[in-house]
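Read the structure below first, then the notes.
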Amino acid sequence: MNIIQETKRLLAAALMDAAAAARAAGEISYDELPDFVVEIPREKFHGDFATNLALLLARQARQAPRAIAAAIVQHFDLTQAGVAKIEVAGPGFINFTLDGKWLLPVLPAVLAEDEHYGWSNIGQGTKVQVEFVSANPTGLLHMGNARGAALGDCIANLLTAVGYEVTREFYINDAGNQIENFALSLEARYLQALGQEADIPEDGYHGIDLIDTVQHFLELYGDKYLDADPTLRREILVRFALEEKLAAIRQVLEDFGVHYDVWFSEQSLHDSGAVARAVADLEKAGYIYEKDGALWFKATRLGEEKDEVLVRQNGLPTYFAADIAYHRNKFERGFKWLINVWGADHHGHVSRLKSALKALGYDPDRLEVVLMQLVRLYQGGEVLRMSKRTGQYVTLNELIEEVGKDAARYFFVMLKSDSHLEFDLDLARSQSADNPVYYVQYAHARICSILRLARERGLQVPSAREADLGLLTEPAELDLIKQIANWPDTVAGAALALEPHRLTRFAHELASLFHSFYTSCRVLADDPQVRNARLVLVEAARITLRNVLHLLGVSAPERM
RNA sequence: GCGUCUGUAGCUCAGGUGGAUAGAGCAGCGGUUUCCUAAACCGCGUGCCGGGGGUUCGAGUCCUCCCAGGCGCACCA
């Protein structure tokens with residue numbers, strides 16, 4: 001149930017009738033009604049809803065907005081949407097104040113819909129894929145990956161909630177140059193472990209975690225590959241290491257509450273010929289030419305700044321070529337909407353990938369890339385500099401250990417993805433009021449505490465029918481109900497805009513309204529009628545709060 | 001140089017897709033508990049919304065030009 005949307009629709013319909021009546025009476029004139037909005041005004045004293053209809057009509061009607069508004073108000077049928085008061089205000093707004101009880105029906109609906117309250121079917125089962133993290137499987141996940149994990153998972157949760165059929169996917173970059181470097185680095189560590197002289201390449205992987213990986217390899221195979229053919233040796237090492245690294249990545253993501261439906265190997269695109277086919281098809285479409293021994297994608301023909309190499313002089317396809325094949329593969333699997341969560345350092349890649357998809361005959365607008373700015377880590381007021389190559393970085397594993405899954409996820413999603421994220425380790429770690437996660441979770445725990453105590457006293461949350469919800473008239477009660485009623489719109493808005501941070505804002509606001517309510521209204525009051533009404537309200541608040549936290553992937557503790 | 005993102009209170013950030021008097025948290029000051037969890041509540045804000053110009057009834061929001069910062073601009077991914 002979305003009582004706010006329904007009320008808006010009623011008001012809009014009544015407004016159209018009123019405008020038509022005013023026109024019939026010759027008081028205003030227009031050909032067609034403009035695309036007006038009925039919205040909840042920012043200021044409370046502007047009423048429950050307001051419309052800009054008269055302002056938009058002014059030009060067509062060649063009349064002053066306030067005069068138009070007055071005419072519409074004259075013909076407005078107050079009974080149609082339970083309007084208690086209607087007035088012209090400001091430059092020509094029409095403000096509505098509804099009957100005080102208009103929001104109450106939302107409470108029984110929340111109790112009935114329970115864990116689905118706020119959900120909708122906007123997506124109508126459309127297949128959408130969310131690809132996120134997709135980190136190189138050569139090490140552990142760092143803070144940037146972690147932000148991507150929280151964002152991507154939350155976006156996937158949101159889209160599921162509004163009725164899409166969502167697939168979470170991790171693209172494994174198990175091909176290309178970095179795998180070569182990975183192999184050489186492993187080999188060097190292997191030889192070093194066996195007492196040989198060996199150097200890790202300049203742009204190789206210097207992280208000490210490779211020493212551990214090689215150690216595990218040694219436990220299984222010993223020095224069996226000491227004198228083996230280097231190509232074979234590297235292949236064996238890489239296969240072993242990738243498996244180990246991927247298992248670790250998969251595990252830490254599970255610990256972070258992220259579960260993927262598909263793990264997709266880049267190498268498989270090369271093996272299956274999908275990459276070659278993509279290049280061939282681009283050639284057929286006339287987008288390929290050869291220069292300096294390489295095959296180029298003529299991206300400039302589609303308005304890009306420059307052309308891109310797809311097959312290098314040495315005959316090996318580039319990452320870009322594989323990525324084109326990958327995204328085509330996504331479409332071929334039937335996804336109607338593709339969402340990628342990428343670090344902002346890849347933003348230059350977006351446009352040319354879309355162009356390539358266009359050249360292959362796909363609608364590039366069906367691919368949406370959520371770019372997130374990079375994470376800066378603060379501790380003790382200082383920036384911690386991270387670099388994967390040198391092995392200096394805070395891993396997701398360490399982060400979960402340090403601040404916990406809940407705080408980490410909340411912090412990563414708290415800001416819109418466009419913003420640089422300054423992650424304050426001390427704050428996230430602090431188990432204090434400063435920490436917004438606890439503030440929200442505490443509200444949930446407090447509600448559970450009330451309900452627990454009620455049960456101990458033999459009191460149940462009454463069915464909505466038993467309770468006289470009309471007794472909920474305190475401002476704190478009404479504000480809380482309003483926020484609860486706002487939840488479905490918040491979910492829908494956050495989902496369609498791919499903006500999970502709206503959830504944390506909503507959660508904080510809801511928690512805040514509950515805390516205020518808690519202070520001014522006693523739930524387990526002596527009067528059984530009041531008590532029952534408030535138990536229903538509190539139960540609805542609990543459900544809503546839990547649903548928000550659920551979408552955030554943050555736990556909703558029953559006691560703290 | 002070109003592209004892109006960011007610039008809002010001392011700090012960290014919101015401002016639902018153009019609306020009326022721009023908000024929250026933190027920090028700071030002062031209050032609140034014989035009572036369902038004080039991890040809470042209540043009160044206290046003089047903001048050239050980076051700057052100029054434009055669009056219109058109306059701009060933090062849209063266009064344009066500057067300024068400052070982040071990130072890109074490889075036969076890396």
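Order of the sequence lines sets the chain letters (A, B, ...), proteins ahead of strands, with each chain counted from 1.
Remark: Arg522(A) engages no residue in a side chain to side chain contact (heavy atoms under 4.5 Å, CB included) (not counting sequence neighbours). Not a single side-chain hydrogen bond (donor to acceptor under 3.5 Å, both in side chains) links Ser516(A) to another residue, sequence neighbours left out. The salt bridge (Lys or Arg N to Asp or Glu O under 4.0 Å) check on Asp479(A) picks up Lys44(A), with sequence neighbours excluded. For Thr490(A), there are no side-chain hydrogen bond (donor to acceptor under 3.5 Å, both in side chains) partners at least two apart in sequence or on another chain. Partners of Arg328(A) according to the side-chain hydrogen bond (donor to acceptor under 3.5 Å, both in side chains) rule, which considers only residues two or more places apart in sequence or in another chain, are Asp281(A). By the salt bridge (Lys or Arg N to Asp or Glu O under 4.0 Å) test, Lys405(A) is found to be paired with no residue, residues two or more places apart in sequence or in another chain being considered.
A 3.5 Å limit on both hydrogen-bonding distances identifies U32(B) as the Watson-Crick or G-U partner of A40(B). Searching all strands for a Watson-Crick or G-U wobble partner of G60(B) with both distances below 3.5 Å returns nothing. Across all strands shown, U17(B) forms no Watson-Crick or G-U wobble pair with both distances under 3.5 Å. If you check A68(B) for Watson-Crick or wobble pairing at under 3.5 angstrom, you find it paired to U6(B). In this structure C76(B) sits in no base pair that meets the Watson-Crick or G-U test at under 3.5 Å. With a cut-off of 3.5 Å on both Watson-Crick or G-U wobble distances, the partner of C49(B) is given as none.
Counting atom types as modelled, His346(A) pairs a side-chain N or O with a base atom of A77(B) as donor and acceptor under 3.5 Å.
For Ser516(A), a side-chain nitrogen or oxygen approaches OP1 or OP2 of C42(B) to under 4.0 Å. The phosphate of C13(B) (OP1 or OP2) has no side-chain N or O of Arg502(A) nearer than 4.0 angstrom. Contact check, Tyr438(A) against G25(B): no side-chain N or O comes under 4.0 Å of OP1 or OP2. Taking only side-chain nitrogens and oxygens, His46(A) never comes nearer than 4.0 Å to OP1 or OP2 of G19(B). Between Arg446(A) and the phosphate of A38(B), there is a side-chain N or O to OP1/OP2 separation shorter than 4.0 Å.
Between Arg376(A) and Glu422(A) there is a salt bridge, since a side-chain N of the basic residue sits under 4.0 Å from a carboxylate O of the acidic one. Salt bridge absent: Arg452(A) and Glu558(A) never bring a charged side-chain N and a carboxylate O closer than 4.0 Å.
Between the side-chain ring of His508(A) and the base of G25(B), no stacking contact exists by the 5.5 Å and 30° definition. Here Phe93(A) does not count as stacked on G19(B), because the ring centres are not under 5.5 angstrom apart with planes under 30°.
Put simply, the side chain of His270(A) does not reach to within 4.5 Å of the side chain of Asp174(A), judged on heavy atoms. Between Asn435(A) and Tyr439(A), the closest side-chain pair of non-hydrogen atoms is not below 4.5 Å.
Spacing of P atoms, A40(B) relative to A27(B), comes out at 10 Å, to the nearest Å. A9(B) and A20(B) have their C1' atoms separated by 22 Å, with the value rounded to a whole Å. Rounded to a whole angstrom, the distance from the C1' atom of A14(B) to that of G52(B) is 27 Å. The same atom, C1', is picked in G10(B) and in U55(B); the two are 36 Å apart, to the nearest Å. The P atoms of U33(B) and A38(B) are separated by 13 Å, rounded to the nearest whole Å.
For residues 530-547 of chain A, the set of pairs meeting the salt bridge (charged side-chain N to carboxylate O under 4.0 Å, His left out) definition, not counting sequence neighbours, comprises Asp114(A)-Arg546(A), Glu477(A)-Arg534(A), Glu539(A)-Arg542(A). Legend: side-chain hydrogen bond (donor to acceptor under 3.5 Å, both in side chains) pairs involving residues 500-513 of chain A, not counting sequence neighbours, sorted by first then second residue: Glu499(A)-Arg502(A).
Note on ring orientation: taking the six-membered ring where Trp is involved, the planes of Tyr289(A) and Trp296(A) are parallel (angle under 30°, cut-offs 30° and 60°).
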Please write out each protein N/O paired with an N/O of nucleotides 58-63 of chain B under 3.5 Å, distance rounded to 0.1 Å.
none

Can you check nucleotides 32-35 of chain B for protein contacts, nitrogen or oxygen pairs under 3.5 Å, and list what you find?
residue: C35(B); atom: O2'; partner: Arg522(A); partner atom: NH1; Å: 2.3
residue: C35(B); atom: O2'; partner: Arg522(A); partner atom: NH2; Å: 3.2

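Nearest to the side-chain atoms of His501(A) among the listed nucleotides A14(B), C57(B), C41(B) stands A14(B). With distances taken from any side-chain atom of Asn173(A) to the nucleotides A38(B), A77(B), G19(B), the minimum falls on A77(B). Of all nucleotides listed (C75(B), C36(B), A77(B)), A77(B) comes nearest to the side chain of Asn136(A). In the set A40(B), C57(B), A77(B), the nucleotide with an atom closest to the side chain of Thr519(A) is A40(B).
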Quick tally for nucleotides 4-12 of chain B: nucleotides whose base has a protein heavy atom under 4.0 Å get B, sugar-phosphate-only ones S, the rest -, giving SSS------
Steps toward salt bridge (charged side-chain N to carboxylate O under 4.0 Å, His left out) verdict (Lys482(A), Asp48(A))
CA-CA 10 Å; Lys482(A) 201 169 213 171; Asp48(A) 294 313; 3.5 Å; yes
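Regarding Gln313(A), its CD atom lies at a distance of 11 Å from the P atom of C75(B), rounded to whole Å. Across the protein-nucleic acid pair, Arg376(A) atom CZ and C13(B) atom C1' stand 14 Å apart, rounded to whole Å. Atom P of nucleotide C36(B) and atom NE2 of His444(A) are separated by 20 Å, given to the nearest angstrom. Rounded to whole Å, the distance from OH on Tyr319(A) to P on A74(B) is 17 Å. For the pair Leu269(A) CG and A77(B) C1', the computed distance is 15 Å after rounding to whole Å. Leu498(A) has its CG atom 14 Å from the C1' atom of U17(B), to the nearest Å. The CD atom of Glu308(A) sits 17 Å away from the P atom of G3(B) (whole-angstrom rounding). With rounding to whole Å, His515(A) atom NE2 is found 17 Å from A24(B) atom P.
Taking a 4.0 Å limit (strictly below) on heavy-atom distances, residues 348-357 of chain A reaches RNA chain B at Gly348(A), Arg352(A).
Under a cutoff of 6.0 Å and an axis angle of 45°, Arg352(A) and Phe297(A) do not form a cation-pi pair.
With 3.5 Å as the limit, one finds a donor-acceptor pair spanning the side chains of Asp406(A) and Gln441(A). When only modelled atom types and interatomic distance are considered, Lys8(A) and Asn2(A) share no side-chain donor-acceptor pair under 3.5 Å.
The nearest heavy atom of RNA chain B to Asn95(A) and to Leu496(A) marks one nucleotide each, and the one closer to the 5' end goes with Leu496(A).
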